[in-house]
Amino acid sequence: MDKKFEIIFLDDAMEFLDEIDSKARKKIIYNITKASYDNDPKLFKKLTKSIWEFRTLYDKKQYRLFAFWDKKDKKNTLVVGTNGIIKKTQKTPKSEIKKAKDLMDNYFENI
């Protein structure tokens, strides 16, 4: 099976991953790797026109790592992880989606 994308993490995403339990972090990384080979909306779901989320359930907690696609290089598809949360409500907070969009805009302005 071919890999569909590579992933990199912005500083906010790395901080989120560094702050959570190591076992949860391993599960999130496992799910991201799995999603890079298989289109599974349970693992990687579109939220808005440009923002997606990696979804992980671990130890009864819902982890979300927001991301966007960078397709400027026609040979390699890149997914950029922006920020993450431990989801506490049914709806994803709009403020976190906005933060991901702001980080995306900043990324494209500075490349």
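Quick caveat: nothing in here was measured; it's all calculated off a predicted structure.
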Student: Of all residues at least two apart in sequence or in a different chain, which pass the side chain to side chain donor-acceptor pair (under 3.5 Å) check with Asp11?
Tutor: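 Asp11 satisfies side chain to side chain donor-acceptor pair (under 3.5 Å) with no other residue.
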Student: Determine whether Glu6 and Ser36 make a side-chain contact, defined as any pair of heavy atoms from C-beta on separated by less than 4.5 Å.
Tutor: no
Student: Determine, stepwise, if the pair Thr82 / Ile51 fulfils side chain to side chain contact (heavy atoms under 4.5 Å, CB included).
Tutor: CA-CA 10 Å; Thr82 57; Ile51 301 299; 5.7 Å; no
Student: Are Val79 and Ile29 connected in the hydrophobic side-chain network, where two residues link if heavy atoms are under 4.5 Å apart?
Tutor: yes
Student: Check Gly81 against Ala13 and note the closest heavy-atom contact, atom names and distance.
Tutor: O-CB, 3.6 Å
Student: Taking ring pair (Phe, Tyr, Trp, His ring centres under 6.0 Å) as the definition, give me every residue that meets it alongside Phe44, ordered by chain and number, with sequence neighbours left out.
Tutor: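 Testing Phe44 for ring pair (Phe, Tyr, Trp, His ring centres under 6.0 Å), a comparison that skips the adjacent residues, returns Phe5, Trp52, Phe54, Trp69.
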Student: For Lys4, check side chain to side chain contact (heavy atoms under 4.5 Å, CB included) against everything at least two apart and list the hits.
Tutor: Asn39
Student: State the NZ-OG1 distance between Lys94 and Thr48, to the nearest 0.5 angstrom.
Tutor: 10.5 Å
Student: Would you tell me whether Tyr107 and Asp70 have side-chain atoms, one donor and one acceptor, within less than 3.5 Å of each other?
Tutor: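 On atom types as modelled, these side chains qualify, holding a pair under 3.5 Å.
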Student: With rounding to the nearest 0.5 angstrom, report the OG to NZ distance, Ser50 to Lys101.
Tutor: 5.0 Å
Student: Are Asn31 and Arg55 side-chain neighbours, meaning at least one heavy-atom pair lies under 4.5 Å?
Tutor: no
Student: For the residue pair Tyr30 and Thr56, establish whether any side-chain heavy-atom pair is separated by less than 4.5 Å.
Tutor: no
Student: Any side-chain heavy atom of Ile7 within less than 4.5 Å of one from Leu78?
Tutor: no
Student: Who passes ring pair (Phe, Tyr, Trp, His ring centres under 6.0 Å) against Phe108, sequence neighbours left out?
Tutor: Phe68
Student: With clusters defined by side-chain heavy atoms of hydrophobic residues (ILVMFWY) lying less than 4.5 Å apart, directly or transitively, does Phe9 cluster with Ile86?
Tutor: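 Yes: a chain of side-chain contacts under 4.5 Å links Ile86 to Phe9.
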Student: I'd like to know if the side chain of Asn106 pairs up with that of Asn110 as donor and acceptor (distance under 3.5 Å, no hydrogens or angles considered).
Tutor: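 Per modelled atom types, Asn106 and Asn110 side chains form a pair under 3.5 Å.
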Student: Should Leu10 and Met14 be regarded as members of a common hydrophobic cluster, given that ILVMFWY residues are connected when their side-chain heavy atoms come within less than 4.5 Å of each other, either directly or indirectly?
Tutor: no
Student: How long is the gap from CG on Leu103 to CG on Asp12, to the nearest 0.5 Å?
Tutor: 5.0 Å
Student: Measuring only between side-chain heavy atoms, which start at C-beta, is Phe66 closer than 4.5 Å to Ile85?
Tutor: yes
Student: I'd like to check Asn83 versus Phe16 (side-chain heavy atoms, cut-off strictly below 4.5 Å). Are they in contact?
Tutor: no
Student: May I have all residue pairs that pass salt bridge (Lys or Arg N to Asp or Glu O under 4.0 Å) and include part of residues 23-39, sequence neighbours excluded?
Tutor: none
Student: What pairs with Lys87 under salt bridge (Lys or Arg N to Asp or Glu O under 4.0 Å), at least two apart in sequence or on another chain?
Tutor: none
Student: Is Ile28 reachable from Leu43 through a run of hydrophobic residues whose side-chain heavy atoms are each under 4.5 Å from the next?
Tutor: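 They do not share one cluster, since no chain of ILVMFWY contacts under 4.5 Å joins Leu43 to Ile28.
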Student: Lys61 versus Leu57: any side-chain heavy-atom pair under 4.5 Å?
Tutor: no
Student: Assess whether salt bridge (charged side-chain N to carboxylate O under 4.0 Å, His left out) is satisfied between Lys45 and Glu53, documenting all intermediate values.
Tutor: CA-CA 5 Å; Lys45 180 181 173 187; Glu53 68 177 356; 5.1 Å; no
Student: Side chains of Ile111 and Lys72: closer than 4.5 Å at any heavy-atom pair?
Tutor: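 When only atoms from C-beta onward are counted, Lys72 and Ile111 do touch, with a gap below 4.5 Å.
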